[in-house]
Amino acid sequence: MSLFETFEISGSAMNAQSVRLNTVASNMANADTVSGDPNTVYKARQPVFSTLLKNAGLQQDMAGVKINGVIESNAPPIKRYEPNHPMADAQGNIYLPNVNMVEEMANMMSASRSYQNNVEVFNTTKQLLMRTLQLGR
C-alpha cells in the first residue's frame, strides 16, 4: 500500500462518518415530531457501511469504506395517549418517532471521534510525503 492510497482510505472514511453525522442530526431534529398515524411517523435512520476491497484476488488490500445506504429502523413508534392533542387519532393516541436520544448522542460522539482520527491520519500522511520530498534538498 502506498501513501497515496492512505489518502483514499481516510477520505472515504471521512465521507462515511459525515453521512453518519448527518443521519444522527436528522434523527435528533425529528425526535419530537408528532403524528396521528403510526405509518407516517418519522422512523430513526442508520447508515450501512461495508469495506471496499481492492484487488479482488488472493491478496486483497483494504481501500476504504463504501456507503451501502441508509435504512429505517423497524422498531415501533412510541404511542402516547393524549386525547386533547390536535394530532390525536380517533382513539386519542399520538405517535412519536422511535428515536433513542442516548443512542443518538453516543453515535454522534463516535462518528465525531472517528472523523477526527481520519483527519489525523490524512495530515500525518501528508507530513510524511512532504518530508520525503524534502530529503533531496
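These numbers come from a predicted model, not from an experiment.
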*Side-chain touch Met108/Leu21, heavy atoms, less than 4.5 angstrom*: yes
*Exercise: identify the closest heavy-atom pair between Ala44 and Asn98*: N-OD1, 2.8 Å
*Can you name the nearest heavy-atom pair linking Val65 to Ala13, along with the distance?*
CG2-CA, 4.1 Å
*Donor-acceptor pair, side chain of Asn30 and main chain of Tyr42, under 3.5 angstrom*: no
*When Tyr95 is tested against each of Thr40, Asp37, Asp89, Asn39 for side-chain hydrogen bond (donor to acceptor under 3.5 Å, both in side chains), which residue passes?*
Asp89
*asked:* Tell me if the CG atom of Asp32 is crowded by more than 12 foreign heavy atoms within 6.0 Å.
replied: no
_Under the side-chain contact (heavy atoms from CB on, under 4.5 Å) test against Pro97, which residue among Asn27, Thr33, Val34 passes?_
Thr33
*Do Met14 and Val119 pass the side chain to side chain contact (heavy atoms under 4.5 Å, CB included) test, and can you show the C-alpha distance, the side-chain angles, and the key distance before you say yes or no?*
CA-CA 8 Å; Met14 284 189 283; Val119 168; 3.5 Å; yes
*How long is the span from the OG atom in Ser112 to the CG atom in Asn117, to the nearest 0.5 Å?*
9.5 Å
*Shortest non-hydrogen contact from Val41 to Leu96?*
CG2-C, 3.7 Å
*Examine distances only and state if a side-chain atom of Thr132 and a backbone atom of Leu128 form a donor-acceptor pair shorter than 3.5 Å.*
yes
*Any side-chain heavy-atom pair from Phe49 and Ile67 closer than 4.5 angstrom?*
yes
_Interatomic distance, Tyr115 atom OH to Ser110 atom OG [nearest 0.5 angstrom]_ = 15.0 Å
*Distance from Met87 atom CE to Glu82 atom CD, nearest 0.5 Å?*
12.0 Å
*Who passes salt bridge (charged side-chain N to carboxylate O under 4.0 Å, His left out) against Arg20, sequence neighbours left out?*
none
*Joint hydrophobic cluster, Val24 plus Met105, side-chain heavy atoms closer than 4.5 Å*: yes
_Asn93 CG to Ile78 CD1 distance, which is reported to the nearest 0.5 Å_ = 13.0 Å
*asked:* Measuring only between side-chain heavy atoms, which start at C-beta, is Gln46 closer than 4.5 Å to Thr23?
replied: no
*asked:* Using 0.5 Å steps for rounding, measure from the NZ atom of Lys43 to the CD1 atom of Ile71.
replied: 12.5 Å
*Inspect the surroundings of CG in Asn74 and state if more than 12 heavy atoms from other residues, nucleotides or ligands are less than 6.0 Å away.*
no
*Drop me the distance from Gln17's CD to Gln116's CD, to the nearest 0.5 angstrom.*
11.0 Å
*asked:* Please give me the minimum heavy-atom distance between Gly64 and Ser12, naming the atom from each residue.
replied: CA-OG, 3.1 Å
